[in-house]
Amino acid sequence: MTQVLHTERLTFRPYRPEDEEVFVALLRDEEVCHWMGQERVPEADLRTLFRAILTDVYPQHRFDVWGLWREEVYVGHAEVKKTGNVDGHELITALAPEHWGRGLGTEVVRGLLRHAADNLGLKEAYGMVGANNTASLALCRRMGFRHVRDVVGDDGTVTGMMVISTTDPD
């Protein structure tokens with residue numbers, strides 16, 4: 001079961017039905033989609049995805065997924081799940097643009113790494129970062145992620161596969 005996590009400023013809370021609007025708004029934001037390296041998904045599809053989190057992902061314990069809250073303000077989304085790119089788990093995060101540049105990305109990743117080590121028993125975790133996402137690449141370098149390889153999409157976009165030990169995330 002996805003548990004509530006806390007960092008210094010954030011609460012990682014499993015989504016509740018009333019969180020649908022903020023989830024959809026985040027993943028419909030053009031800037032967020034751009035930096036996540038994905039096309040904007042139709043709103044109806046995001047609503048279907050959100051409901052699947054509540055009715056399929058959580059009940060079947062498929063993977064951990066949270067809404068990120070600072071006090072009672074929604075600031076983003078986070079996941080830890082098995083990745084198809086390698087035999088391991090991937091950390092996924094997305095912050096709302098109005099919360100960028102405040103160190104929350106680093107705080108989210110540290111919280112995910114602690115969860116991966118303490119609760120999931122993982123020794124390492126992966127991240128996929130677009131080659132042009134300089135802010136996220138800089139965060140990865142500061143935190144000690146190591147570049148594994150580049151993955152080239154069908155459209156020619158390049159994403160860096162990064163890995164980090166969960167035993168010493170600082």
Side-chain angles (χ1 to χ4, degrees), residues 2-5 7 10-15 19-20 22-41 45-46 48-50 52-54 56-58 60-70 74-97 99-100 103-120 122 124-151 153 157-166 169:
T2 299
Q3 49 190 285
V4 175
L5 307 176
T7 61
L10 299 172
T11 299
F12 297 54
R13 187 179 74 211
Y15 283 107
D19 301 331
E20 183 173 344
V22 292
F23 173 89
V24 170
L26 176 72
L27 297 180
R28 288 279 297 155
D29 185 282
E30 283 190 49
E31 281 187 284
V32 171
C33 291
H34 171 76
W35 294 117
M36 288 185 76
Q38 65 185 37
E39 298 293 322
R40 282 182 71 210
V41 175
D45 293 353
L46 288 173
T48 299
L49 174 62
F50 181 81
I53 291 169
L54 300 179
D56 183 38
V57 173
Y58 290 147
Q60 295 186 33
H61 310 291
R62 291 180 172 255
F63 57 92
D64 292 319
V65 56
W66 302 268
L68 301 170
W69 301 86
R70 185 170 183 193
Y74 180 78
V75 299
H77 174 88
E79 303 176 17
V80 177
K81 65 182 182 182
K82 286 191 84 55
T83 178
N85 295 310
V86 293
D87 184 23
H89 286 72
E90 181 178 2
L91 310 179
I92 300 168
T93 96
L95 292 175
H99 301 285
W100 294 352
L104 294 178
T106 301
E107 190 170 329
V108 171
V109 173
R110 283 192 179 128
L112 292 175
L113 288 170
R114 190 172 59 248
H115 171 69
D118 295 349
N119 302 321
L120 302 178
L122 302 178
E124 63 185 12
Y126 292 85
M128 301 296 291
V129 182
N132 64 349
N133 189 340
T134 55
S136 291
L137 288 170
L139 179 147
C140 287
R141 277 191 300 279
R142 284 191 310 272
M143 293 191 75
F145 278 82
R146 180 177 49 82
H147 182 266
V148 176
R149 70 174 183 260
D150 286 335
V151 177
T157 57
V158 178
T159 304
M161 178 185 292
M162 316 295 281
V163 66
I164 189 170
S165 168
T166 62

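Along the sequence shown, the residues carry numbers beginning at 1.
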Residues at least two apart in sequence or cross-chain that pass side chain to side chain contact (heavy atoms under 4.5 Å, CB included) with T7, listed by chain then number, are L10, F12, E107, R114
Result for side chain to side chain contact (heavy atoms under 4.5 Å, CB included) between F145 and one of V129, V109, L137, V163 points to V109
Per side chain to side chain contact (heavy atoms under 4.5 Å, CB included), N119 is matched among V80, L5, D64 by L5
Task: Test item: R13 and D19 side chains (from C-beta on) under 4.5 Å apart, heavy atoms - done: yes
Taken to the nearest 0.5 Å, the spacing of L46 CG from L26 CG works out to 9.5 Å
Kindly indicate whether the side chain of W35, heavy atoms from C-beta on, has any atom under 4.5 Å from the side chain of S136. no
Taken to the nearest 0.5 Å, the spacing of E79 CD from F63 CZ works out to 5.0 Å
For V32 and L95, the nearest pair of non-hydrogen atoms, with its separation, is CG2-O, 3.7 Å
With a sphere of 6.0 Å drawn around CG of D87, does it hold more than 12 non-hydrogen atoms of other residues, nucleotides or ligands? no
Hits for salt bridge (charged side-chain N to carboxylate O under 4.0 Å, His left out) against E90, two or more places apart or cross-chain, chain-then-number order -> none
Value for CG (N132) from OG1 (T159), rounded to nearest 0.5 Å, stands at 8.5 Å
Scanning both residues in full, the closest heavy-atom pair of M143 with L113 reads CE-CD1, 4.2 Å
So CZ of R141 and OG1 of T134: to nearest 0.5 Å the spacing works out to 8.5 Å
With sequence neighbours left out, the residues meeting side chain to side chain donor-acceptor pair (under 3.5 Å) with K82 are none
What one should report as the nearest heavy-atom pair of Q3 and W66 is O-NE1, 2.8 Å
Rounded to the nearest 0.5 Å, the CE atom of M128 sits from the CE atom of M162 at a distance of 10.5 Å
Closest non-hydrogen atoms of I92 and L112, given as atom of the first, atom of the second and distance, are O-CD1, 4.1 Å
By salt bridge (charged side-chain N to carboxylate O under 4.0 Å, His left out), R62 pairs with (sequence neighbours left out) D56
In short, salt bridge (Lys or Arg N to Asp or Glu O under 4.0 Å) pairs touching residues 23-34 with sequence neighbours left out are E30-R40
CG (L27) and CG (L49) are apart, to the nearest 0.5 Å, by 7.5 Å
What one should report as the nearest heavy-atom pair of T166 and A116 is CG2-CB, 4.0 Å
- Query: Can you list the steps and then say if H77 with Y15 is a ring-ring contact (aromatic ring centres under 6.0 Å, His included)?
  - Reply: CA-CA 9 Å; H77 174 88; Y15 283 107; 5.6 Å; yes
For D118, the salt bridge (charged side-chain N to carboxylate O under 4.0 Å, His left out) test, sequence neighbours excluded, returns none
Checklist entry - How are the rings of W69 and Y74 set to each other: parallel, tilted or perpendicular (split at 30° and 60°)? => result perpendicular
